[in-house]
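Below: one structure, written as structure tokens.
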Amino acid sequence: MTLVTAPKKPVRHAPAEPPDTPRTLGGTRRSRAQQRAGWLLSAPFLALFGTFMAFPVLATLAMSFSDFGLRDVTDPLGADFVGLSNYTRLFGDETFRTALLNTGVFVVAGVPLTVGAGLVAAVLLDRGVDRMRTFFRVGFYAPVVTSIVAVAVVWRFVLDPADGPIASLAAEAGLTAPDFLGSDALALPSLIAMGVWRNMGTAMVLFLAGLQAVPTEVREAARIDGAGAWAEFRRITVPLLRPTLLYAAVMTTIGFLNVFEEPFVMTGGGPDNSTLTVSLLMYEEGFGYFRMGTASAMAYVLFTVVLAVTVLQLRLLKDNTR
């Protein structure tokens, strides 16, 4: 009897990895050359960023834990380490608490007014104004790019209790105009009004861009369903503008938390510290009295507040943008 055996299957060996070809080696060299070229082209920016951004930020952090002052300019390493003394002293300082409270009032009152005024102006220019639309856009945005010195001259004239236009209108009515910038109760609201007028143009531009992105078909469908102008604005326009509202609110808040120019040129923080802000007090401490350690601590307290408020806004408002 003849046994038939099955043919053996040929053993397959894994193909050997091909050696590096000249093309592969050339590609590797080319990739390394591109990386070197990228770092070389980035070197000027990195040098400027490290010199004028990263190093000052780290140096300020180090100074906030020291008593760095005028005597330490020639020998920065000679400043004494004081730990958290600058920070603890700040919150025990009544002037700093006043500045922090004034800054908070500026933000709480100024941000909603600025965003609201910018939104109203954008809606009017997008739908309500047919002629000279570009003229009005330029007019609303002009204060944003105008020098703070020129703005201060205009507002000082407007608020002048003797010769300003408000004083003239009050005199016509047989009334006496108040001293807006000389009153403890009216100085801060006057600066808030000035800040709103000066910054609403930025919010207006943002909202105009957002309104142009709202689909026309959605508006037309709402009108066909019988929605009025207010219902269309509240149920169609505002929900679609929520990402723009978030961005405008965050950026305006950051700007108002750092408010400096308005009180600096208009009141100098007076009267009786009623318009003193954290940024202005930090400037006075650092460049007026040259207590750089205390000023640096103020800077990082303000940075922490800005970061916390921004994160809070993003968490509260971001859920409504989805």
Discussion item. Test side-chain contact (heavy atoms from CB on, under 4.5 Å) on F140 and L125; report intermediate values, then the result.
Written reply: CA-CA 10 Å; F140 279 120; L125 291 177; 3.9 Å; yes

Discussion item. Let me check something: do F68 and V82 share a hydrophobic cluster, defined by ILVMFWY side-chain heavy atoms less than 4.5 Å apart, either directly or through other members?
Written reply: no

Worksheet entry | Distance-only side-chain donor-acceptor flag, T267 / T275, under 3.5 Å | yes

Worksheet item: Which distance, rounded to the nearest 0.5 Å, do you find between the OH of Y247 and the OG1 of T252?
Response: 9.5 Å

Worksheet entry | Path from I236 to F207 over hydrophobic side-chain contacts below 4.5 Å | no

Discussion item. For residues L90 and Y289: do they belong to one hydrophobic cluster (side chain heavy atoms under 4.5 Å, members Ile, Leu, Val, Met, Phe, Trp, Tyr)?
Written reply: no

Worksheet item: Going hydrophobic residue to hydrophobic residue with side-chain gaps under 4.5 angstrom, can you get from L186 over to V108?
Response: no

Practice prompt. For side-chain contact (heavy atoms from CB on, under 4.5 Å), just list the numbers for N199 and F256, CA-CA rounded to whole Å, side-chain angles, deciding distance to a tenth of an Å, and then say yes or no.
Written response: CA-CA 10 Å; N199 293 281; F256 278 11; 3.4 Å; yes

Fill in: S274 backbone acceptor or donor facing D184 side chain under 3.5 Å
no

Discussion item. Using modelled atom types and a 3.5 Å cut-off, is there a donor and acceptor pairing between side-chain atoms of R156 and backbone atoms of M266?
Written reply: yes

Fill in: Exercise: identify the closest heavy-atom pair between E284 and G268
OE2-O, 3.9 Å

Worksheet item: If you draw a 6.0 Å radius around CZ in R97, do more than 12 non-hydrogen atoms from other residues or ligands fall strictly inside?
Response: yes

Discussion item. Just verifying a value: how many Å separate I166 CD1 and L159 CG, rounded to the nearest 0.5 Å?
Written reply: 5.0 Å

Discussion item. Between S296 (side chain only) and M63 (backbone N and O only), is there a donor and an acceptor less than 3.5 Å apart?
Written reply: no

Item to complete: Tell me, with the steps shown, if V154 and T146 meet side-chain contact (heavy atoms from CB on, under 4.5 Å).
Response: CA-CA 11 Å; V154 172; T146 303; over 6 Å; no

Worksheet item: Is any side-chain heavy atom of I148 closer than 4.5 Å to a side-chain heavy atom of F260?
Response: no

Practice prompt. May I ask you to check whether over 12 heavy atoms, not counting those of F303, lie within 6.0 Å of atom CZ?
Written response: no

Worksheet entry | Any donor-acceptor pair under 3.5 Å from D160 side chain to A162 backbone | yes

Response to the item:
CG of L280 to CG of N258, rounded to nearest 0.5 Å, is 12.5 Å

Response to the item:
Of all heavy-atom pairs linking S190 and F180, the shortest is OG-CB, 3.4 Å

Fill in: Reference residue W197; test side-chain contact (heavy atoms from CB on, under 4.5 Å); the match among V151, L113, I192, T114
V151

Discussion item. Can you confirm whether more than 12 heavy atoms, excluding those of Q212, are under 6.0 Å from its CD atom?
Written reply: yes

Worksheet entry | Partner of V111 by side-chain contact (heavy atoms from CB on, under 4.5 Å), out of I254, T253, V309 | T253

Fill in: From CA spacing to verdict: side-chain contact (heavy atoms from CB on, under 4.5 Å), V57, Y300
CA-CA 10 Å; V57 167; Y300 270 90; 3.3 Å; yes

Fill in: N/O donor-acceptor pair under 3.5 Å between S183 side chain and D179 backbone
no

Worksheet item: Would you find a donor on one side and an acceptor on the other, under 3.5 Å apart, between the side chain of T277 and the backbone of V259?
Response: yes

Worksheet entry | Minimal non-hydrogen separation, A177 against A167, with atom names | CB-CA, 3.5 Å

Practice prompt. Is it possible for you to say whether L302 and F91 belong to one hydrophobic cluster, with membership spreading through side-chain heavy-atom contacts below 4.5 Å?
Written response: yes

Worksheet entry | Closest approach of S64 to N86 (non-hydrogen atoms, all atoms of both residues) | O-ND2, 2.9 Å

Item to complete: Give, for atom CG of L191 and atom CZ of F264, the distance between the pair rounded to the nearest 0.5 Å.
Response: 13.5 Å

Fill in: Gap separating the CG atom of L100 from the CE atom of M298, nearest 0.5 angstrom
10.5 Å

Worksheet item: Does the side chain of F136 come within less than 4.5 Å of L124's, by heavy atoms?
Response: no

Item to complete: Locate the shortest heavy-atom distance separating N273 from N102; write the atom from each residue and the value.
Response: O-ND2, 2.9 Å

Worksheet item: Where does the angle between the aromatic ring planes of F287 and Y283 fall among parallel (under 30°), tilted (30 to 60°) and perpendicular (over 60°)?
Response: tilted

Worksheet entry | Distance in Å, L307 CG paired with L257 CG, rounded so as to fall on 0.5 Å steps | 11.5 Å

Worksheet item: At their closest point, which heavy atom of R89 faces which heavy atom of T294, and how far apart are they?
Response: NH1-OG1, 3.9 Å

